[in-house]
Q: 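After the structure tokens below, expect a handful of questions from me.
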Amino acid sequence: MAQDYTDAELAELRAAIREEVRSELQASQRSQNGLVAFLRAVGLQVLARLVANLSYAAWQKFKKLIGWT
Amino acid sequence: MALNRQQEARIVKAILDEVHRKPPTIAVIGLSGSGKSSVINRLFRTTLPVSHTSACTKDFLYSDIGLEIRNGVAAGQPVSLRVIDCPGLGEDVTLESGYLEHYQKHLPEADVILYVTAARNRGAVALEQMHLRHLLQYVDRMVFGLSQADLVEPRDWNVRLNRPGELQMKYIEEICEDRAARFATVAGRQVRCLPFASSQGFGLQSLFTALILNCPPERAWIFESLKAFDFRQFIPAAALLQLGDCP
């Protein structure tokens with residue numbers, strides 16, 4: 001595949017991708033906090049605490065496990 | 001810290017119970033032809049009917065769209081996305097009050113509301129403001145999206161990057177600011193208008209994030225379970241390759 005993108009084009013894409021990644025992280029974090037709020041609301045306090053303490057990597061792994069990909 | 005199998009299973013059960021008790025519910029408001037169905041289909045890989053020439057149905061839509069969890073331990077489990085929509089809004093003055101009544105009736109059930117305004121439909125903003133005025137009590141749960149951004153003049157869409165051209169981007173931002181200001185005067189609060197182009201995948205991640213952020217906290221996770229796109233799929237493969245692992 002031809003790699004013929006200019007530095008300016010790549011810089012524009014990098015900036016756009018950074019913004020998308022930031023947005024994706026924000027959604028993921030909100031989603032994790034939301035699941036914690038939900039688990040608390042249905043009385044699963046211990047599980048809520050565990051989900052709240054998941055690292056970013058562990059949260060991503062959990063999402064993959066349950067099919068949120 | 002990680003979860004063990006038993007804990008994972010209990011969470012999955014709680015999630016599925018909740019999804020079945022009350023499916024994730026999104027209301028879409030916007031004039032006929034503004035691209036409401038297209039964006040829902042893109043975000044959630046649903047199959048709402050889309051027409052480029054006429055309203056697909058004149059009836060109020062309150063539909064549960066059957067989906068399936070595609071991966072993971074719950075793969076194959078059926079789930080629904082509930083969509084509240086008035087496809088014919090703005091087409092016939094004799095039907096408008098009926099549509100708005102339907103929205104009044106069903107919007108309380110929505111987890112989040114997506115208000116779609118078409119980028120090139122400047123002449124209809126007054127009508128959209130009137131609709132918004134009737135639905136003011138729900139404005140705090142609304143996300144405002146500017147659709148069909150790829151059709152904004154001078155239509156210099158950058159095909160190589162699959163992004164708006166420089167001048168097009170400038171105009172898109174101006175339109176967003178203008179619509180946001182017009183909606184804000186009616187809404188009585190600050191409004192942000194997010195541009196997107198369903199056909200190109202442009203702006204979808206930001207729109208999706210805004211939807212999640214506007215959901216009630218305890219329901220915010222529910223839409224991520226149905227997310228059916230990755231912004232990377234809309235970046236040309238050759239560019240991704242050239243960017244490598246560290247964009």
Side-chain angles (χ1 to χ4, degrees), chain A, chain B residues 1-4 7-8 10-12 14-18 68-77 158 160-163 166 202-213 215-227 230-232 234-243 246-247:
Chain A
M1 202 174 287
Q3 298 189 356
D4 58 352
Y5 285 87
T6 65
D7 287 347
E9 285 177 322
L10 292 176
E12 182 179 344
L13 269 183
R14 276 194 196 94
I17 289 172
R18 267 197 299 273
E19 185 57 32
E20 299 276 39
V21 168
R22 191 196 59 75
S23 178
E24 204 175 43
L25 282 174
Q26 199 180 9
S28 184
Q29 195 170 35
R30 170 74 170 187
S31 182
Q32 183 175 1
N33 294 338
L35 184 57
V36 170
F38 162 70
L39 291 171
R40 279 200 188 115
V42 295
L44 299 172
Q45 307 291 345
V46 175
L47 290 175
R49 203 159 46 244
L50 286 169
V51 172
N53 288 327
L54 288 178
S55 64
Y56 175 74
W59 170 242
Q60 295 303 318
K61 195 175 158 197
F62 175 72
K63 284 201 297 183
K64 197 168 180 183
L65 171 97
I66 61 174
W68 295 6
T69 54
Chain B
M1 181 179 286
L3 300 165
N4 64 35
Q7 290 160 341
E8 285 167 356
R10 286 183 69 197
I11 295 174
V12 169
I15 285 172
L16 290 174
D17 286 349
E18 175 67 2
E68 197 174 82
I69 296 175
R70 285 175 283 270
N71 307 299
V73 291
Q77 284 277 349
N158 187 332
R160 280 169 58 78
L161 303 183
N162 195 28
R163 293 183 47 74
E166 197 175 335
F202 169 74
L204 292 184
Q205 181 59 55
S206 299
L207 190 68
F208 184 81
T209 299
L211 290 173
I212 285 193
L213 293 177
C215 277
E218 70 281 2
R219 299 272 295 176
W221 54 273
I222 208 162
F223 287 100
E224 191 162 22
S225 67
L226 297 178
K227 183 183 174 192
D230 183 321
F231 74 84
R232 294 162 191 85
F234 305 116
I235 300 172
L240 273 183
L241 195 68
Q242 199 171 334
L243 282 167
C246 46

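Chain naming here is simple, since letters A, B, ... match the order of the sequence lines and numbering starts at 1 in each. The basis for the numbers below is simple: all heavy atoms, side chains too, and nothing from hydrogens, waters or symmetry mates.
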Q: Given heavy-atom pairs under 4.5 angstrom as the criterion, report whether the side chain, backbone, both or neither of Asp17(B) touches chain A.
A: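 Neither; nothing under 4.5 Å.
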Q: For Ala48(A), enumerate each residue passing the side chain to side chain contact (heavy atoms under 4.5 Å, CB included) test, keeping only those at least two apart in sequence or located in another chain.
A: Val36(A), Leu39(A), Arg40(A)
Q: I need the Arg30(A) CZ to Leu211(B) CG distance, nearest 0.5 Å.
A: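 The CZ atom of Arg30(A) sits 11.5 Å away from the CG atom of Leu211(B).
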Q: Just verifying a value: how many Å separate Asp4(A) CG and Gln242(B) CD, rounded to the nearest 0.5 Å?
A: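 Rounded to the nearest 0.5 Å, the CG-CD separation comes to 7.0 Å.
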Q: To the nearest 0.5 angstrom, please state how far the CD atom of Glu24(A) sits from the CD atom of Gln205(B).
A: 5.0 Å
Q: Decide if atom CD of Gln29(A) counts as having more than 12 heavy atoms of other residues, nucleotides or ligands within a radius under 6.0 Å.
A: no
Q: Could you tell me which non-hydrogen atom of Leu13(A) sits nearest to which non-hydrogen atom of Ala239(B), and how far apart they are?
A: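 Reported closest heavy-atom pair: CD1-CB, 3.4 Å.
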Q: Looking only at heavy atoms, which two atoms of Gln7(B) and Leu50(A) are closest? And how far apart?
A: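 Minimum heavy-atom separation between Gln7(B) and Leu50(A): NE2-CD1, 3.1 Å.
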Q: Which pair of non-hydrogen atoms, one from Ala16(A) and one from Arg163(B), has the smallest distance, and what is that distance?
A: CB-NH1, 3.4 Å
Q: Please classify the contact between Ile235(B) and chain A as side chain, backbone, both or neither, with a heavy-atom cut-off of under 4.5 Å.
A: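 Side chain only.
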Q: Has Ser23(A) got a side-chain atom pairing as donor or acceptor with Thr209(B)'s backbone, closer than 3.5 angstrom?
A: no
Q: Identify which of Leu213(B), Ile212(B), Ile15(B) forms the greatest number of heavy-atom pairs closer than 4.5 Å to chain A.
A: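 Ranked by contacts with chain A, first place is Leu213(B).
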Q: Say you draw a straight line from CZ of Arg10(B) to CG of Leu44(A); how long is it, rounded to the nearest 0.5 Å?
A: 5.5 Å
Q: Any side-chain heavy atom of Ile11(B) within less than 4.5 Å of one from Phe62(A)?
A: yes
Q: Flag the pair Tyr5(A) / Leu161(B) as yes when at least one side-chain heavy-atom distance between them is below 4.5 Å, and no otherwise.
A: yes
Q: If you round to the nearest 0.5 Å, how far is CD of Glu20(A) from CZ of Phe202(B)?
A: 8.0 Å
Q: Considering non-hydrogen atoms only, spot the tightest contact between Gly34(A) and Ala220(B) and give its length.
A: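 Reported closest heavy-atom pair: CA-CB, 4.4 Å.
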Q: Considering residues at least two apart in sequence or located in another chain, which fulfil the salt bridge (charged side-chain N to carboxylate O under 4.0 Å, His left out) criterion with Glu18(B)?
A: Arg21(B), Arg219(B)
Q: Please report the interatomic distance CD(Glu166(B)) to CD(Glu12(A)), rounded to the nearest 0.5 Å.
A: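 Here the rounded value is 8.0 Å.
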